[in-house]
Amino acid sequence: MKRIAILTSGGDAPGMNACIRAAVRAARAQDIDIFGIRRGYAGLIQGEMEPLDRKAVANIIHQGGTILGTARSSEFTTPGGRTQAVKNLEKEGIEGLILIGGDGTFRGGCDLSQECNAGIIGVPGTIDNDIYGTDYTIGFDSAVNCALHAIDRIRDTALSHERLFFVEVMGRHTGFIALESGMAGGAEELLIPELPFGVDELCSHLERSFQGQKRSAIVVVAESGKPGDSFRIAREVRERTGFDSRVCILGHLQRGGSPTARDRVLAGKLGVAAVGALVEGKSGCMVGEVNWRAACTPLRDTWNRKKDLNAELVEMRELLCE
Ligand code: F6P
């Protein structure tokens with residue numbers, strides 16, 4: 001293998017730069033030329049590629065976002081868009097392509113792997129952690145810590161004013177961020193799509209809490225496909241209980257900022273593993289981390305198979321969040 005390329009696609013995640021850096025270092029150490037594709041699949045269709053050397057990835061390990069830029073490309077979901085992408089890969093003699101992103105990125109990568117001769121390797125990079133085949137995705141730990149710092153700050157003001165707060169965190173259809181940040185932040189309740197709840201149940205829980213020792217409470221809500229829905233929940237709770245509350249939506253704050261040590265190490269490990277997988281001739285799979293070891297999973301399984309919340313954490317939630 002003499003020439004490979006790398007792109008970032010979908011929502012950015014802290015640690016993507018650390019992964020690009022690792023892949024460039026691993027490739028150059030084996031005399032493989034590596035190109036950076038700008039703006040994800042959109043840039044691949046336009047042929048926006050530039051060579052990357054060690055200098056190009058110097059001093060980026062601590063930076064959030066992605067130096068390559070990213071996009072969600074609807075054109076790449078069409079056969080015409082992908083044909084153009086394949087032409088550009090062939091024109092540049094690219095023999096292997098590394099895709100850092102989430103499920104949308106891998107769906108595109110799976111189609112591409114059937115339509116071109118280059119090896120295609122995915123690396124899980126999304127704050128949502130909703131990818132089967134890896135215990136953690138790059139960016140998740142940073143997002144959880146960002147949410148946790150926010151919850152800690154909200155607790156200060158919630159205590160001072162003896163208030164109920166709803167803190168809404170990201171996670172398109174899953175509650176991974178809500179579960180870990182909420183547990184770490186000592187939230188009084190977690191509203192997570194995987195664990196269905198009723199507003200009546202929530203109201204009874206909060207009433208019991210306030211009848212006891214509690215003078216303030218924090219409910220962590222996973223956005224789960226409806227960003228801003230916390231306002232509705234807060235309104236319904238007020239109508240039923242009379243509790244006045246405040247809502248804090250963390251949104252894209254969780255996507256930016258310097259990656260945590262855990263995300264940088266994971267990104268480094270998976271960037272190196274992705275280059276290794278291409279050199280070994282693998283294609284159509286994702287390199288993830290399972291029980292601390294790099295492991296390959298077919299791209300199709302990464303979104304077809306459901307990744308469950310950690311059952312032990314879910315069980316403990318009853319005890320630790322109330
Ligand atoms: O997939 C990552 C994520 O941040 C989700 O948690 C969120 O629902 C979505 O992306 C937001 O996407 P966008 O940046 O396109 O608004």
Side-chain angles (χ1 to χ4, degrees), residues 7-19 38-43 63-77 99-110 122-151 166-182 190-195 220-233 247-260 263 266-267 270 286 288 299 302-304 306-307 309:
L7 61 77
T8 48
S9 165
D12 60 354
M16 281 182 163
N17 283 330
C19 188
R38 289 204 42 79
R39 299 190 305 114
Y41 291 132
Q63 284 175 15
T66 157
I67 57 161
L68 294 176
T70 185
R72 302 189 198 274
S73 167
S74 51
E75 198 183 352
F76 194 74
T77 60
L99 314 167
I100 310 173
D103 63 336
T105 305
F106 296 161
R107 282 169 205 261
C110 195
V123 178
T126 163
I127 64 164
D128 290 354
N129 199 30
D130 57 348
I131 303 290
Y132 180 88
T134 190
D135 294 339
Y136 289 102
T137 56
I138 296 167
F140 172 67
D141 189 61
S142 305
V144 166
N145 278 287
C146 173
L148 174 62
H149 289 144
I151 292 166
F166 290 87
V167 180
E168 186 177 293
V169 300
M170 273 189 166
R172 195 187 292 274
H173 300 298
T174 53
F176 289 96
I177 298 176
L179 180 62
E180 291 212 6
S181 64
L190 308 176
L191 305 184
I192 289 176
E194 292 89 337
L195 310 168
V220 173
V221 184
E223 66 172 17
S224 59
K226 288 190 220 151
D229 201 36
S230 302
F231 284 107
R232 176 192 60 82
I233 299 169
V247 174
C248 177
I249 298 185
L250 300 184
H252 290 78
L253 269 179
Q254 298 155 97
R255 286 244 297 264
S258 190
T260 58
D263 270 332
L266 177 67
L270 298 185
M286 176 196 82
L299 280 178
T302 63
W303 73 86
N304 268 338
K306 189 173 171 312
K307 178 171 175 180
L309 295 175

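Hydrogens, waters and symmetry mates play no part in the numbers below; they use all other heavy atoms, side chains included. If you're wondering where the values come from, they're calculated on a predicted model, not measured in any experiment. Order of listing sets the numbers, starting from 1, for every ligand and every atom in it.
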Protein N/O near ligand 1 N/O, under 3.5 Å, which pairs?
unit_1   : atom_1 : unit_2 : atom_2 : d
ligand 1 : 1 (O)  : Asp128 : OD2    : 3.0
ligand 1 : 4 (O)  : Arg255 : NH1    : 2.8
ligand 1 : 6 (O)  : Asp128 : OD1    : 2.7
ligand 1 : 6 (O)  : Asp128 : OD2    : 3.4
ligand 1 : 6 (O)  : Gly171 : N      : 3.1
ligand 1 : 8 (O)  : Glu223 : OE2    : 2.4
ligand 1 : 10 (O) : Arg72  : NH2    : 3.3
ligand 1 : 10 (O) : Arg255 : NH1    : 3.1
ligand 1 : 12 (O) : Arg72  : NH2    : 3.0
ligand 1 : 14 (O) : His252 : NE2    : 2.9
ligand 1 : 14 (O) : Arg255 : NH1    : 2.9
ligand 1 : 14 (O) : Arg255 : NH2    : 2.9
ligand 1 : 15 (O) : Arg72  : NE     : 3.2
ligand 1 : 15 (O) : Arg72  : NH2    : 3.2
ligand 1 : 16 (O) : His252 : NE2    : 3.3

Exercise for the section: Calculate, to the nearest 0.5 Å, the distance between atoms CE and OG belonging to Met16 and Ser9 respectively. Expected result: 7.5 Å
Problem - Ser230, Ser224, Cys248 screened by side-chain contact (heavy atoms from CB on, under 4.5 Å) with Glu168, the one that passes - result: Ser230
Sequence neighbours excluded, which residues qualify as ring-ring contact (aromatic ring centres under 6.0 Å, His included) partners of [X]?
X      : result
Phe106 : none
Tyr132 : none
Phe166 : none

Handout entry: Residue pair Asp141 / Thr260, side-chain donor-acceptor N/O under 3.5 Å
Key = yes
